[in-house]
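Working notes, beginning with the structure itself.
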Amino acid sequence: MAQAEETGQREYMNACASCHGPAGLGNGPMAEFMSVKVPDLTQLSAQNDGVFPMLDVIQIIDGRTGVRGHGSEMPVWGGQFKAEASAAGAYGGEVIARGRILSLAYYLQSIQK
């Protein structure tokens, strides 16, 4: 799981930190330009009775299942990650996308306060 968190941290810094901030507090440099408040990602467990909402987080990051984060401002990372892995074929691209999303979710779980 440590490797997943390290990979997830890299993914987070590349895909999420510009809005959510490097520490996940919702204060990234792009947050002020958003039409909705960017959430503090370190409080997900605290807002869910102390339990990290893993499935919800995965679905929000993925964005392809109808569960959208922040109203509609958040990118659909599942589609983006799959497109970036298109050389791996349809099934390979999906596996890579899901792995990246899961790594991000594990990282977010690791930064809960």
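Both backbone and side-chain heavy atoms feed into the values below; hydrogens, waters and symmetry mates do not.
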Query raised in the report: Passes side chain to side chain contact (heavy atoms under 4.5 Å, CB included), I96 versus K82? Steps please.
Result: CA-CA 7 Å; I96 291 168; K82 185 175 178 182; over 6 Å; no
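- Rounded to the nearest 0.5 angstrom, D62 CG and R100 CZ are separated by 12.0 Å.
- P22 places a side-chain heavy atom less than 4.5 Å from the side chain of M13.
- With hydrogens and angles ignored, the 3.5 Å screen pairs a side-chain donor or acceptor of Y12 with a backbone N or O of G24.
- Between M30 and C19, the shortest heavy-atom contact is CB-SG, 3.9 Å.
- Side-chain atoms of D40 come within 3.5 Å of backbone atoms of T42 as a donor-acceptor pair (strictly under, hydrogens ignored).
- Side-chain contact between Q112 and Q43 is absent, with no heavy-atom pair separated by less than 4.5 Å.
- Considering every non-hydrogen atom in both A31 and G26, the closest pair reads CB-O, 3.6 Å.
- Applying the 6.0 Å contact sphere to CG of N14 captures more than 12 heavy atoms from other residues, nucleotides or ligands.
- Hydrophobic cluster membership differs between I60 and L25, with clusters built from Ile, Leu, Val, Met, Phe, Trp and Tyr side chains linked at under 4.5 angstrom.
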Report task. Dump the intermediate steps for side chain to side chain contact (heavy atoms under 4.5 Å, CB included) on F81 and R98, then the final yes or no. Result -> CA-CA 8 Å; F81 291 162; R98 289 180 186 216; over 6 Å; no
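- Counting heavy atoms from C-beta on, the side chains of M54 and Y106 come closer than 4.5 Å.
- Note that the CG atom of L41 and the NE2 atom of H20 stand 4.5 Å from one another [nearest 0.5 Å].
- In this structure, OG in S103 is found 10.5 Å from CD in E6, a value given to the nearest 0.5 Å.
- Side-chain contact check for I101 versus Q59: every heavy-atom pair is 4.5 Å or farther apart.
- Closest non-hydrogen pair, A23 versus I111, comes out as O-CD1, 4.1 Å.
- Atom OH of Y107 and atom SG of C16 lie 9.5 Å apart (nearest 0.5 Å).
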Query raised in the report: Should S45 and V51 be marked as a side chain to side chain contact (heavy atoms under 4.5 Å, CB included) after you check the CA-CA gap, both sets of side-chain angles, and the distance that decides it?
Result: CA-CA 5 Å; S45 292; V51 177; over 6 Å; no
Query raised in the report: When you look at F52 and V57, which way does the side chain to side chain contact (heavy atoms under 4.5 Å, CB included) test go after all the steps?
Result: CA-CA 9 Å; F52 185 74; V57 168; 3.7 Å; yes
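- Listed here is the closest heavy atom pair of A88 and G93: CB-N, 3.8 Å.
- I61 has its side chain within reach of L108: a pair of non-hydrogen atoms, C-beta onward, lies under 4.5 Å apart.
- Between the CG atom of L44 and the NZ atom of K113 there is a distance of 12.0 Å, given to the nearest 0.5 Å.
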